[in-house]
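Taking it in order: structure first as structure tokens, then the write-up.
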Amino acid sequence: MRIVQISSEAVPFAKTGGLADVAGALSKALAEQGHEVTLILPLYSRFLAKNGFEIQPVGDGFEIPLGNHRVWIQLKRAQMPGSSVNVVFVDCPEFFDRGGLYQDPVTKADYADNAERFMTFCRAALEAVARLQLKPDVIHAHDWQTGLVMVLLEAQFRDWVPNLRRTAAIFTLHNMAFQGAYPAEMMPLTGLGWEYFTWTRMECWNRVNLLKTGIIFADQLSTVSPTYSREIQSPEFGHGLDGVLQDRSADLTGILNGIDPHEWSPTNDPHLPARYDFDSIGTGKATCKRTLQEQLNLPVRGEVPLLSMVSRMTWQKGFDLIGACAGRLLERDVQLVFLGNGQPEYEDLCRHLASAYPDKVRTIIGYDEALSHRIEAGSDMFLMPSKFEPCGLNQMYSMAYGTPPIVRATGGLADSVVSATQETLHAGTATGFVFHEHHPDRLWEQLDWALRLFADQLTWRGIQRAGMSRDWSWNRSAREYIALYEKALSRRAT
Ligand code: ADP
Ligand code: GLC
């Protein structure tokens with residue numbers, strides 16, 4: 001199949017969260033299965049320059065309309081490292097040559113022109129498909145930033161570009177909390193008439209809603225775990241679009257993300273001081289833990305349980321539960337490491353814990369790819385008590401690194417972690433610790449249980465090994481996406 005992926009971020013070019021891991025790894029996995037894949041991204045020139053990527057212009061620059069304005073675009077091209085994926089960048093310095101992807105890194109405020117930026121990206125991405133004669137069987141777009149692609153394809157490009165008539169349109173929902181909803185006055189910027197500004201199309205509470213647009217106009221929809229695909233059809237998780245999703249539920253599939261073994265495997269991870277596998281976990285992980293303690297200036301002790309959290313610091317991730325449990329946890333002989341950035345109140349909470357417990361807690365505010373790998377490998381347990389979690393990647397990374405996660409049963413966390421109970425321990429299937437109700441006492445029960453089991457190293461090793469031996473690779477998920485593409489194509493053909 002000829003497949004075009006359209007995303008606002010992808011590893012290794014630019015990343016703020018799991019979407020980038022998925023867009024990069026899924027593209028590579030599809031290419032490895034023999035498909036011809038092009039990935040279209042905005043050109044965040046400052047991030048690419050920092051990472052030293054070589055990119056070449058393709059063709060002449062051109063203008064596209066944005067309301068009454070014209071925006072200058074130059075397409076550029078690069079090869080995905082270690083893969084046949086063809087990467088096409090939309091170079092538009094006025095919108096993408098900035099210090100952040102969506103927010104000003106200093107003020108942490110969303111850029112005021114995000115609607116203009118991503119509407120331009122969507123139209124330019126479809127222009128790229130037409131100009132480069134990509135003739136895709138499938139266009140697969142991700143999250144609100146690319147929602148407009150779905151309607152522009154349907155309303156304009158299928159008519160203008162004959163070889164897009166049969167192209168299947170797939171839209172993946174990675175997080176319903178972010179919808180790209182803008183005032184009605186923005187509607188003319190889309191290049192579509194006001195007849196599209198209705199409840200059955202692009203409008204939601206008198207705003208242009210780009211996530212809803214993707215949901216309405218895609219041939220098939222997916223989200224990143226089976227549990228989340230059910231959750232988002234309820235008011236608690238649908239963020240106002242649960243009814244719209246119920247209407248499309250026959251076309252909505254949950255496909256659990258995988259992990260990229262070239263980026264995330266303790267056997268070949270270049271960031272680690274020692275590499276290890278299933279057999280050498282004892283010595284390899286001990287070296288990673290010791291080095292992490294040294295680097296963070298924590299007491300170097302092998303026997304103390306080291307718990308960690310690497311996360312965007314937002315309300316989604318359950319920092320309220322961490323705050324409510326921290327006192328009880330830190331009465332015990334434990335160490336706790338936080339890496340992340342985000343909402344000031346959660347950054348302050350983690351900073352406060354580090355200063356109140358200088359022998360036990362370290363907090364690193366910021367984004368540090370290499371350190372995130374060293375924390376996964378050097379910790380004994382990983383915390384992810386999310387309020388909601390469409391899929392979550394860190395719990396999978398931690399299981400692959402022999403670091404049992406403690407998670408809340410929501411979205412992909414519920415679908416990927418097998419909780420340690422007498423039965424699952426006996427069967428050898430337990431990979432972590434799962435609690436249900438969003439309440440500090442429920443988190444504490446699992447923390448307490450995990451600490452008790454950690455003291456029994458033989459049982460603990462069984463949990464580590466069960467997680468490490470699960471197949472987290474993208475092959476399975478990529479095959480499920482192909483089945484979804486085939487379903488959409490067969491509907492288009494009839
Ligand atoms: P989300 O996409 O909601 O943030 P995921 O678990 O799907 O959650 O993915 C988060 C990704 O971002 C993981 O690859 C994680 O390691 C990474 N990450 C998050 N915060 C940081 C940070 N401060 N430094 C390095 N990596 C981070
Ligand atoms: C979103 C979700 C996260 C998911 C990621 C990739 O950022 O918050 O749960 O893993 O997308 O699909």
Side-chain angles (χ1 to χ4, degrees), residues 5 7-12 14-27 101-102 105 140-146 171-179 211 222-229 231-232 237 239 254-260 263-265 269 271 308-319 337-343 346-347 350 362-377 379 382-401 403 405 407-408 410-417 472 474 477 481:
Q5 297 283 338
S7 173
S8 59
E9 52 181 277
V11 167
K15 163 168 168 178
T16 65
L19 170 62
D21 299 68
V22 174
L26 172 61
S27 300
L101 269 56
Y102 316 117
H140 182 175
H142 301 262
D143 269 357
W144 72 264
Q145 294 89 340
T146 63
F171 189 56
T172 295
L173 306 161
H174 294 262
N175 197 331
M176 296 299 297
F178 302 100
Q179 301 191 356
L211 191 76
S222 75
T223 184
V224 286
S225 68
T227 295
Y228 195 60
S229 76
E231 286 173 338
I232 55 180
F237 295 92
H239 295 268
I255 302 178
L256 196 68
N257 291 331
I259 67 182
D260 181 346
E263 300 280 335
W264 287 98
S265 164
D269 187 330
H271 301 296
S308 65
M309 199 162 171
V310 176
S311 182
R312 289 187 292 118
M313 291 180 167
T314 70
W315 63 279
Q316 173 189 341
K317 302 292 181 179
F319 280 92
V337 171
F338 296 104
L339 167 64
N341 54 10
Q343 281 173 239
Y346 302 130
E347 292 186 355
C350 297
R362 288 292 174 275
T363 294
I364 303 95
I365 299 296
Y367 189 90
D368 187 333
E369 187 74 34
L371 182 58
S372 74
H373 288 243
R374 289 201 285 271
I375 290 175
E376 284 287 6
S379 309
F382 194 85
L383 291 169
M384 213 159 159
S386 304
K387 210 168 166 48
F388 68 93
E389 196 60 74
C391 178
L393 295 168
N394 275 117
Q395 83 280 11
M396 293 196 250
Y397 300 152
S398 46
M399 286 185 277
Y401 279 61
T403 310
V407 307
R408 198 174 87 75
T410 180
L413 300 175
D415 293 340
S416 60
V417 183
W472 302 110
W474 266 98
S477 324
Y481 277 107

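For ligands, and for the atoms within them, numbers begin at 1 and follow the listed sequence. The shown structure was predicted, so the numbers you read here are calculated from the model rather than taken from an experiment.
Here the side chain of Gln179 pairs a donor or acceptor atom with the backbone of His239 at under 3.5 angstrom. Proximity of a side-chain donor or acceptor of Thr146 to a complementary backbone N or O of His142 within less than 3.5 Å is detected. Side-chain atoms of Ser398 never come within 3.5 Å of backbone atoms of Pro405 as a donor-acceptor pair (strictly under, hydrogens ignored).
Judged by the shortest distance from any of its heavy atoms, Lys317 lies inside the 4.0 Å radius around the atoms of ligand 1. Look at Cys391 and you'll find every heavy atom at least 4.0 Å from all atoms of ligand 1. Residue-ligand proximity: Met384 is placed with a non-hydrogen atom under 4.0 Å from ligand 1. At least one heavy atom of Gly366 sits less than 4.0 Å from an atom of ligand 1.
Among protein heavy atoms, atom 5 (P) of ligand 1 sits closest to Leu393 N, 3.6 Å. Protein heavy atom nearest atom 11 (C) of ligand 1, with residue, atom name and distance: Gly18 N, 3.8 Å. Nearest protein heavy-atom neighbour of atom 2 (C) of ligand 2: His174 O, 3.3 Å. The single protein non-hydrogen atom nearest to atom 9 (O) of ligand 2 is Glu389 OE2, 2.5 Å, given as residue, atom name and distance. Nearest protein neighbour of atom 22 (C) of ligand 1, counting heavy atoms only, is Tyr367 CD1, 3.4 Å. Closest to atom 13 (C) of ligand 1, if we only count protein heavy atoms, is Asn394 OD1, 3.5 Å.
In this structure, Asp269 CG and Glu376 CD are separated by 10.0 Å, a value rounded to the nearest 0.5 Å.
When every heavy atom of Ala20 is checked against every heavy atom of Lys15, the shortest pair comes out as CB-CB, 3.5 Å. Closest approach of Cys391 and Leu256 over heavy atoms only: SG-CD1, 3.9 Å.
Counting atoms of ligand 1 from 1 in the listed order, those under 4.0 Å from a heavy atom of Gly392 are 6 (O), 7 (O). Residue contact check: Asn257 has heavy atoms under 4.0 Å from atoms 6 (C), 10 (O), 12 (O) of ligand 2. Here is the list of ligand 1 atoms found below 4.0 Å of a heavy atom in Ser311: 20 (N). Within ligand 1, the atoms closer than 4.0 Å to a non-hydrogen atom of Val310 are 21 (C), 27 (C), numbered from 1 in the order shown. Atom numbering of ligand 1 starts at 1 in the shown order; those under 4.0 Å from a heavy atom of Tyr397 are 13 (C), 14 (O). Annotation for ligand 1: atoms under 4.0 Å from non-hydrogen atoms of Gly340 are 23 (N). Within ligand 2, the atoms closer than 4.0 Å to a non-hydrogen atom of Val22 are 6 (C), 12 (O), numbered from 1 in the order shown. Within the listing of ligand 2, atoms 3 (C), 4 (C), 9 (O), 10 (O) sit less than 4.0 angstrom from a heavy atom of Gly392. Near Asn175, meaning under 4.0 Å from one of its heavy atoms, ligand 2 places the atoms 8 (O). Taking a cut-off of under 4.0 Å to the non-hydrogen atoms of Gly18, the atoms of ligand 2 that pass are 5 (C), 6 (C).
Residue contacts with ligand 2 for Asp21 are absent, since no atom lies close enough (heavy atoms, distance under 4.0 Å). Contacts between Asp21 and ligand 1, counted as non-hydrogen atom pairs separated by less than 4.0 Å, involve the side chain only.
For Glu369 and His271, the side-chain atoms include no donor-acceptor pair closer than 3.5 Å. In this model, a donor atom of one side chain and an acceptor atom of the other lie less than 3.5 Å apart for Thr172 and Ser222. With no hydrogens or angles considered, no side-chain donor-acceptor pair links Ser27 and Gln5 at under 3.5 Å. Residues Tyr102 and Ser8 have side chains that bring a donor and an acceptor to within less than 3.5 angstrom of each other.
Close N/O approach between Arg312 and ligand 1 is found [any backbone or side-chain N/O within under 3.5 Å]. Considering backbone and side-chain atoms alike, Thr16 places every N or O at 3.5 Å or more from each N or O of ligand 1. For ligand 1, the polar-atom distance check finds an N/O of Lys15 within less than 3.5 Å of one of the ligand's N/O atoms. By the 3.5 Å distance cut-off applied to N or O atoms, Val224 is not counted among the residues near ligand 2. For Gly17, no nitrogen or oxygen atom sits less than 3.5 Å from a nitrogen or oxygen atom of ligand 1, counting backbone and side chain alike.
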Any chance you could lay out the ring pair (Phe, Tyr, Trp, His ring centres under 6.0 Å) test for Phe171 and Trp144, step after step, and finish with the verdict?
CA-CA 9 Å; Phe171 189 56; Trp144 72 264; over 10 Å; no
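A centroid separation of 6.0 Å or more is found between the aromatic rings of Tyr228 and His174. Taking the six-membered ring for Trp and the full ring otherwise, the centers of Tyr397 and Trp264 sit less than 6.0 Å from each other.
By the 30° and 60° cut-offs, the orientation of the rings of His140 relative to Tyr481 is tilted. Note: Tyr401 and His373 have perpendicular aromatic rings, judged against thresholds of 30 and 60 degrees for the angle between ring planes.
Considering each of Ile375, Asp368, Leu371, the one bringing a non-hydrogen atom nearest atom 24 (N) of ligand 1 is Asp368.
In summary, of the residues considered (Glu389, Gln343, Lys387), a side chain to side chain donor-acceptor pair (under 3.5 Å) with Gln316 occurs for Glu389 alone.
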